[in-house]
Peer 1: 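Mind having a look at this structure? Questions to follow.
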Amino acid sequence: MKITLLTVGKIKEKFYRDAITEYAKRLSRYCKLQIIEVADEKTPDHASETVERQIKEKEGGRLLKYIEESQGYVIALAIDGKMPDSVELSEKMASLGLRGQSHIVFVIGGSLGLADAVLKRADEKLSFSKMTFPHQLMRVILLEQIYRGYRIMNHEPYHK
């Protein structure tokens, strides 16, 4: 199985990069992991809704280019998405593999979220909480849950 994290912006903080590197290493025995970062746009302070929408559309255009090239099953992280538990996410990943879907693309937006066009293109939306998290931290959380999902699939122990 190939897993792609398609994300907006670069990770600047070393502690996030270290955690991402660790989970990428752990995941290497279960899947081929690819992390693609597209450029983010500067958001001016007190930006209007129109400016924020334009920023999301620019970032969304960059994401859609990769989404269309990937031909994978697209799961967009969105606050209004489904909120499965870890076992359900693991079962979803396993069932996609059984149905012949060998590539899952998880999409994480920038600080303003995802453009409507990206959300409409997604095969499903996933939420980790009704709370908002920094998009850099979401990469770590998502990778941890993917790793946990593979451990569950393989009936391997993992702390709860």
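Sequential numbering from 1 along the given sequence is applied to the chain's residues.
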Peer 1: Just checking E68: does its CD atom have more than 12 heavy atoms from other residues, nucleotides or ligands closer to it than 6.0 angstrom?
Peer 2: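 Count over threshold, so yes.
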Peer 1: Could you go through the side-chain contact (heavy atoms from CB on, under 4.5 Å) check for Q136 and K12 one step at a time?
Peer 2: CA-CA 9 Å; Q136 301 93 332; K12 295 168 186 70; 5.6 Å; no
Peer 1: Looking at Q71, I want to see if its CD is surrounded by more than 12 non-hydrogen atoms of other residues, nucleotides or ligands under 6.0 Å.
Peer 2: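 Counting other residues, nucleotides and ligands, CD of Q71 stays at 12 neighbours or fewer.
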Peer 1: Apply side-chain contact (heavy atoms from CB on, under 4.5 Å) to residues T7 and H135 and explain how you reach the verdict.
Peer 2: CA-CA 9 Å; T7 65; H135 57 283; over 6 Å; no
Peer 1: Hey, mind stepping through E22 and R26 against side-chain contact (heavy atoms from CB on, under 4.5 Å) and telling me if it holds?
Peer 2: CA-CA 6 Å; E22 177 61 27; R26 291 181 187 193; 2.9 Å; yes
Peer 1: Do I11 and F15 share a hydrophobic cluster (ILVMFWY, side-chain heavy atoms under 4.5 Å, transitive)?
Peer 2: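 In one cluster with I11: F15, yes.
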Peer 1: Is it the case that the side chain of E59 and the backbone of E41 share a donor-acceptor pair, with hydrogens and angles ignored and the cut-off at 3.5 Å?
Peer 2: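 Pair found, side chain donor or acceptor close to backbone of E41.
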Peer 1: Could you check whether D40 pairs with K42 (Lys NZ or Arg NE/NH1/NH2 to Asp/Glu carboxylate O, under 4.0 Å)?
Peer 2: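 Not counted as a salt bridge, because no side-chain N and carboxylate O are separated by less than 4.0 Å.
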Peer 1: Any carboxylate oxygen within less than 4.0 angstrom of a Lys/Arg side-chain nitrogen, looking at E124 and K92?
Peer 2: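 Yes, E124 and K92 are salt-bridged.
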Peer 1: Check whether any side-chain heavy atom of I3 lies under 4.5 Å from a side-chain heavy atom of L27, and answer yes or no.
Peer 2: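 Result no, sub-4.5 Å side-chain heavy-atom pair not found.
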Peer 1: With a 4.0 Å cut-off, would you call K120 and D116 a salt bridge?
Peer 2: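 The answer is no: the pair does not qualify as a salt bridge.
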Peer 1: Give a yes or no on whether the backbone of R17 and the side-chain of T21 come within a donor-acceptor separation of less than 3.5 Å.
Peer 2: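 Yes.
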Peer 1: Search all heavy atoms of A115 against all heavy atoms of G60 and return the closest pair with its distance.
Peer 2: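 The answer is CB-CA, 4.0 Å.
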Peer 1: Mind checking the NZ-OG spacing from K65 to S70? Nearest 0.5 Å is all I need.
Peer 2: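 So the gap between those two atoms works out to 12.5 Å.
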Peer 1: As an exercise, state the distance from CG of L126 to CG of D80, rounded to the nearest 0.5 Å.
Peer 2: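 Reported to 0.5 Å precision, the distance equals 11.0 Å.
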Peer 1: With a cut-off of 6.0 Å (strictly less than), are more than 12 heavy atoms of other residues, nucleotides or ligands near NZ of K58?
Peer 2: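 For K58, atom NZ is not crowded (no more than 12 foreign heavy atoms under 6.0 Å).
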Peer 1: What is the distance from atom OG of S129 to atom CE of M83, rounded to the nearest 0.5 Å?
Peer 2: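 It comes to 6.5 Å.
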Peer 1: Would you call P44 and I55 a side-chain contact if the rule is heavy atoms closer than 4.5 Å?
Peer 2: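 In contact.
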Peer 1: Could you state whether I35 and M1 fall into the same hydrophobic cluster, counting links through intermediate Ile, Leu, Val, Met, Phe, Trp or Tyr residues with side-chain heavy atoms under 4.5 angstrom apart?
Peer 2: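 As far as the 4.5 Å side-chain criterion goes, M1 and I35 are connected within one cluster.
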Peer 1: Backbone N or O of G81 within a donor-acceptor pair of the S127 side chain at under 3.5 Å?
Peer 2: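 Side chain of S127 to backbone of G81, a donor-acceptor pair under 3.5 Å: no, none is there.
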Peer 1: Same cluster for M153 and L143 if Ile/Leu/Val/Met/Phe/Trp/Tyr side chains link at under 4.5 Å?
Peer 2: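 Yes, M153 connects to L143 through the hydrophobic network.
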Peer 1: Is there a donor-acceptor pair closer than 3.5 Å between any side-chain N or O of Q145 and the backbone N or O of L142?
Peer 2: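 Pair absent, no side-chain N/O of Q145 close to backbone of L142.
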Peer 1: Which atoms form the tightest heavy-atom contact between Q101 and H103, and what is the distance?
Peer 2: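 Where Q101 meets H103 most closely, the heavy atoms are NE2-O, 3.0 Å.
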Peer 1: Taking atom OH of Y16 and atom CZ of R139, what is their separation to the nearest 0.5 Å?
Peer 2: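 Interatomic distance, Y16 OH to R139 CZ, rounded to 0.5 Å: 11.0 Å.
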Peer 1: Same cluster for L96 and Y30 if Ile/Leu/Val/Met/Phe/Trp/Tyr side chains link at under 4.5 Å?
Peer 2: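 Yes, one cluster joins them.
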Peer 1: Roughly how far, to the nearest 0.5 Å, is OG of S28 from OH of Y147?
Peer 2: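 The OH atom of Y147 sits 10.0 Å away from the OG atom of S28.
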Peer 1: Y73: what forms a ring-ring contact (aromatic ring centres under 6.0 Å, His included) with it, not counting sequence neighbours?
Peer 2: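 Residues passing ring-ring contact (aromatic ring centres under 6.0 Å, His included) with Y73: none at all.
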Peer 1: Indicate, with yes or no, if M138 and V140 share a hydrophobic cluster defined by side-chain heavy-atom contacts under 4.5 Å among Ile, Leu, Val, Met, Phe, Trp and Tyr.
Peer 2: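 Linked, V140 and M138 end up in one cluster.
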Peer 1: Step by step, would you call R29 with Y150 a side-chain contact (heavy atoms from CB on, under 4.5 Å)?
Peer 2: CA-CA 10 Å; R29 66 182 283 223; Y150 276 109; over 6 Å; no
Peer 1: Are S86 and I152 close enough that some pair of their side-chain heavy atoms sits under 4.5 Å apart?
Peer 2: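 SC-SC contact between S86 and I152 confirmed.
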Peer 1: Answer yes or no: is there a side-chain heavy-atom contact under 4.5 Å between I146 and L5?
Peer 2: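 They are in contact (side-chain heavy atoms under 4.5 Å apart), so the answer is yes.
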Peer 1: Share the residues that join V105 in a hydrophobic cluster, the rule being Ile, Leu, Val, Met, Phe, Trp or Tyr side chains under 4.5 Å apart at the heavy-atom level.
Peer 2: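 Cluster partners of V105: L6, V8, I36, V38, L63, L64, Y66, I67, V74, V107, L114, V118, L119.
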Peer 1: Check this for me: does any side-chain nitrogen of one of E57 and R53 sit under 4.0 Å from a carboxylate oxygen of the other?
Peer 2: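 Yes, this pair counts.
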